[in-house]
Amino acid sequence: MEAEKVYSVLIAEDEVPARELLVDYLLTRRELKLSGLARTGEEALRQMTERNFDLALLDIRLPRLTGLEVLGRLKKPPSVIFTTAYESYALRAFDFGAVDYLLKPFGVDRFNRSIDKFLATRDLSARDAPESGFTVREGGRMHILPYQEIIYVTSHGKNTVIHMVSGDREAPVLLKDVEQRLPSGMFARIHKQHIVNVRYISWIEYLIGGQYLAFLNDEDESSLTVGRKYAPLLKARLGMD
């Protein structure tokens with residue numbers, strides 16, 4: 001039996017309670033190994049320059065250098081999950097290709113969802129899947145749909161409809177499985193039936209009952225319902241209060 005892969009993790013956090021909490025949560029995951037601790041941005045940069053980490057749990061507002069400045073100085077940064085108490089940094093965090101964004105305070109369940117996203121991206125890489133697009137099988141052919149041309153995807157029974165700049169494609173896969181295969185830095189689940197490329201969102205509008213409508217800047221000027229449970233994270237990603 002092949003040994004289970006264990007990923008090395010750097011925690012960069014200057015606040016003691018938050019750092020200890022991250023350590024405690026990390027130690028509950030057998031797939032992860034704590035390989036480094038940093039209290040400032042300079043320490044984080046030095047450690048990531050001197051050795052390779054698979055994942056960094058990186059506070060955005062670190063002393064001396066911010067987490068964003070640290071990533072900007074690295075030629076080959078590891079996968080990153082940002083942590084911060086400030087929603088206003090969310091959109092910039094995902095612009096850096098973050099696996100996820102943990103808004104403080106967060107619990108172990110939210111932490112584990114972020115780690116599961118990281119593991120899903122590593123599993124995708126291990127299968128040598130193309131980094132440039134989503135693959136769809138049609139007959140004996142595999143088609144690659146460029147991520148940047150995917151506007152949004154919707155659930156259609158046991159299939160998923162992929163709405164693209166060039167037209168719609170239907171894939172024989174459940175929406176939850178599509179979500180695991182899309183880069184989280186580019187796409188967001190906004191409803192039980194919708195995943196959207198956040199770069200196509202023009203604005204969102206509040207509806208009664210805690211829901212929102214997301215208006216897209218595609219050719220059809222599409223609008224999608226944002227579910228109540230998904231609205232806070234989407235607002236954080238868009239830098240909204």
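These figures come from a predicted structure and were not determined experimentally.
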Count I, L, V, M, F, W, Y as connected when their side-chain heavy atoms are under 4.5 Å apart, and connections chain through other members. Are [X] and [Y] then in the same cluster?
| X | Y | result |
| --- | --- | --- |
| I204 | F215 | no |
| V161 | V153 | no |
| L174 | V178 | no |
| L32 | L34 | yes |
| L216 | V165 | yes |

Pair D59, T84 - check side chain to side chain contact (heavy atoms under 4.5 Å, CB included), show working. CA-CA 6 Å; D59 188 8; T84 185; 4.1 Å; yes
R19 and R39: CA distance, side-chain angles, deciding distance, side chain to side chain contact (heavy atoms under 4.5 Å, CB included) verdict: CA-CA 9 Å; R19 186 167 63 246; R39 296 166 181 80; 3.6 Å; yes
Heavy atoms only: give me the nearest [X]-[Y] pair and the separation to one decimal.
| X | Y | result |
| --- | --- | --- |
| I195 | E179 | CD1-CB, 3.5 Å |
| L65 | R73 | CD2-NH2, 3.4 Å |
| R30 | V6 | O-CG2, 3.9 Å |
| K235 | Y212 | NZ-OH, 3.2 Å |
| Y147 | G133 | OH-O, 3.3 Å |
| D218 | S222 | OD2-OG, 2.6 Å |

Please say whether more than 12 non-hydrogen atoms of neighbouring residues, nucleotides or ligands are located less than 6.0 Å from CG in D24.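 Buried by this count: over 12 neighbours within 6.0 Å.
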So with a 6.0 Å cut-off around CZ of R228, is the heavy-atom count from everything else above 12?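 Count not over threshold, so no.
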May I ask you to test the [X]-[Y] pair for a side-chain heavy-atom distance under 4.5 Å?
| X | Y | result |
| --- | --- | --- |
| L71 | F82 | yes |
| L234 | I201 | yes |
| S8 | D54 | yes |
| I150 | F187 | yes |
| L233 | R110 | yes |
| L22 | F106 | yes |
| L55 | L10 | no |
| N197 | M186 | yes |

Could you tell me whether a side-chain N or O of [X] sits under 3.5 Å from a main-chain N or O of [Y], the two making a donor and an acceptor?
| X | Y | result |
| --- | --- | --- |
| E13 | E15 | yes |
| Q47 | L37 | yes |
| R46 | A38 | no |
| T40 | P63 | no |

Hey, could you give me the [atom1]/[atom2] distance between [X] and [Y], rounded to the nearest 0.5 Å?
| X | Y | atom1 | atom2 | result |
| --- | --- | --- | --- | --- |
| Y25 | N112 | OH | CG | 9.0 Å |
| R189 | H194 | CZ | NE2 | 10.0 Å |
| T66 | I60 | OG1 | CD1 | 8.0 Å |
| M48 | K76 | CE | NZ | 15.5 Å |
| I115 | I81 | CD1 | CD1 | 4.0 Å |
| H143 | I162 | NE2 | CD1 | 11.5 Å |

Please lay out, stage by stage, how L182 and F134 fare under the test side chain to side chain contact (heavy atoms under 4.5 Å, CB included). CA-CA 7 Å; L182 292 173; F134 184 84; 3.9 Å; yes
Could you walk me through whether R29 and D116 pass salt bridge (Lys or Arg N to Asp or Glu O under 4.0 Å), step by step? CA-CA 10 Å; R29 299 296 302 238; D116 290 341; 2.9 Å; yes
Between K104 and L21, is a side chain to side chain contact (heavy atoms under 4.5 Å, CB included) present by the stated rule, with each step listed? CA-CA 11 Å; K104 301 174 185 176; L21 193 66; over 6 Å; no
